[in-house]
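Note that the structure is predicted; figures quoted are calculated from it, not measured. Atoms considered below: every heavy atom in the structure, side chains included; atoms not considered: hydrogens, waters and symmetry mates.
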Amino acid sequence: MKKLLVVYYSYTGGTHQMADAATGGARCAGAVDVILMKAEECQPEDMLAADGYIFATPENLAAMAGVMKACFDRCYYPLLGKIEGRPYAAMICAGSDGENARAQLERIATGWRLKKVVDTPIICTHAQSEEDILARKTIGVADLETCKETGGVLAAGLEMRIF
């Protein structure tokens, strides 16, 4: 059975909701083993054991969250040349535009020679004040559906062995 690893970091709950939705969509889409894992727990062997990935991170200070970056730092060199061609998708939870976080994450995936199979959704919470930025997030139904579809596409593609 193919394995899909969903790696996420969440401080205020928004990205966790997105990762949960993607995980649920993946589990409904096919016979794929789906593993939801916090970025701080993810090790190179976890990624090596998976056939595809979804990376979900908030945007912090116009970049991906430091915890997600630390995950990539920890895993990058041990996996270099070992996971080439595997499919991935990414999801960004942003307070404004999320473009820098997306670009940073996609550059890392490009370095691994991963194959992006879904356009990276950026879910904008419009949190701009200190109070709004630190508040617990609630992601809307339509945005969660986008995340669910992202997981479903990756799982279905893995099950059908099209990527």
Side-chain angles (χ1 to χ4, degrees), residues 1-42 46-47 50-72 86-109 114-160 162-163:
M1 179 180 285
K2 293 286 188 171
K3 185 182 290 188
L4 174 62
L5 179 63
V6 180
V7 180
Y8 77 98
Y9 171 71
S10 189
Y11 182 74
T12 61
T15 309
H16 187 198
Q17 292 167 55
M18 293 165 57
D20 276 343
T23 299
R27 289 183 175 144
C28 290
V32 174
D33 184 17
V34 184
I35 298 157
L36 179 64
M37 181 175 286
K38 293 179 179 180
E40 54 268 39
E41 297 171 359
C42 184
D46 298 312
M47 290 189 61
D51 300 293
Y53 315 98
I54 297 175
F55 304 113
T57 184
E59 172 192 53
N60 289 346
L61 303 171
M64 80 171 79
V67 174
M68 182 62 83
K69 176 67 168 61
C71 173
F72 286 133
R86 293 184 189 183
Y88 88 95
M91 301 182 302
I92 309 296
C93 185
S96 57
D97 73 359
E99 293 295 330
N100 286 335
R102 175 172 62 187
Q104 186 181 20
L105 195 154
E106 289 180 354
R107 276 193 307 273
I108 292 166
L114 298 177
K115 179 181 176 184
K116 184 170 83 167
V117 297
V118 177
D119 286 335
T120 301
I122 297 175
I123 308 302
C124 188
T125 65
H126 305 286
Q128 294 299 301
S129 70
E130 179 181 1
E131 183 180 339
D132 289 343
I133 290 167
L134 295 175
R136 298 299 298 168
K137 303 296 183 290
T138 300
I139 304 302
V141 173
D143 289 331
L144 290 175
E145 187 61 31
T146 297
C147 299
K148 182 178 178 182
E149 289 171 7
T150 298
V153 167
L154 223 57
L158 284 171
E159 182 184 18
M160 293 186 286
I162 59 173
F163 38 73

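- A distance of 9.0 Å separates NZ of Lys137 from OG of Ser10, quoted to the nearest 0.5 Å.
- Here Thr12 contributes atom OG1 and Asp132 contributes atom CG; the two are 10.5 Å apart, rounded to the nearest 0.5 Å.
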Inset, instruction - Would you check, one step at a time, whether the test side-chain contact (heavy atoms from CB on, under 4.5 Å) holds for Met64 with Ile108? - result: CA-CA 11 Å; Met64 80 171 79; Ile108 292 166; 3.6 Å; yes
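- Counting non-hydrogen atoms of neighbouring residues, nucleotides and ligands closer than 6.0 angstrom, the CD atom of Glu41 exceeds 12 such neighbours.
- Between the side chain of Arg27 and the backbone N or O of Val34, at least one donor-acceptor pair lies under 3.5 Å.
- Using a distance-only test at 3.5 Å, with no hydrogens or angles considered, no donor-acceptor pair links the side chain of Lys2 to the main chain of Ala31.
- A distance of 14.0 Å separates CG of Asn60 from NZ of Lys69, quoted to the nearest 0.5 Å.
- A distance of 11.0 Å separates CG of Leu154 from OH of Tyr88, quoted to the nearest 0.5 Å.
- The side chain to side chain contact (heavy atoms under 4.5 Å, CB included) test with Leu5 is passed by exactly one of Asp51, Ile35, Leu36, Asp33: Ile35.
- A donor-acceptor pair is defined here as one N or O able to donate and one able to accept, closer than 3.5 Å; such a pair exists between the side chain of Thr125 and the backbone of Ala94.
- One distance of note links CE of Met47 with CZ of Phe72; it measures 6.5 Å at 0.5 Å rounding.
- Closest approach of Lys115 and Phe163 over heavy atoms only: NZ-CB, 4.0 Å.
- Closest approach of Gly151 to Ile54, counting heavy atoms only: CA-CD1, 3.6 Å.
- The main-chain N or O of Ala101 is never found under 3.5 Å from a side-chain atom of Glu59 such that the two would form a donor-acceptor pair.
- Looking at Cys147 and Ile139, their side chains never come closer than 4.5 Å, going by heavy atoms from C-beta outward.
- The heavy-atom pair separating Val7 from Ala39 by the smallest distance is CG1-CA, 3.7 Å.
- The structure places NE2 of His16 at 12.5 Å from SG of Cys93, a figure rounded to the nearest 0.5 Å.
- Between Ala155 and Val32, the shortest heavy-atom contact is O-CG2, 3.3 Å.
- The shortest side-chain heavy-atom distance between Leu144 and Gln17 falls under the 4.5 Å cut-off.
- The two atoms that bring Leu4 and Tyr53 nearest to each other are CD1-N, 3.6 Å, heavy atoms only.
- Enclosure of atom CG in Leu61 is not indicated, since only 12 or fewer non-hydrogen atoms of other residues, nucleotides or ligands lie within 6.0 angstrom.
- When all heavy atoms of Lys116 and Thr120 are compared, the pair lying nearest together is CD-OG1, 4.1 Å.
- In this structure, the side chain of Thr57 does not engage the main chain of Tyr9 through any donor-acceptor pair within 3.5 Å.
- Without hydrogens or angle criteria, Glu106 side chain to Ala90 main chain gives no donor-acceptor distance under 3.5 Å.
- Under the 3.5 Å distance criterion, the side-chain polar atoms of Asn100 are left unmatched by any main-chain donor or acceptor of Ala63.
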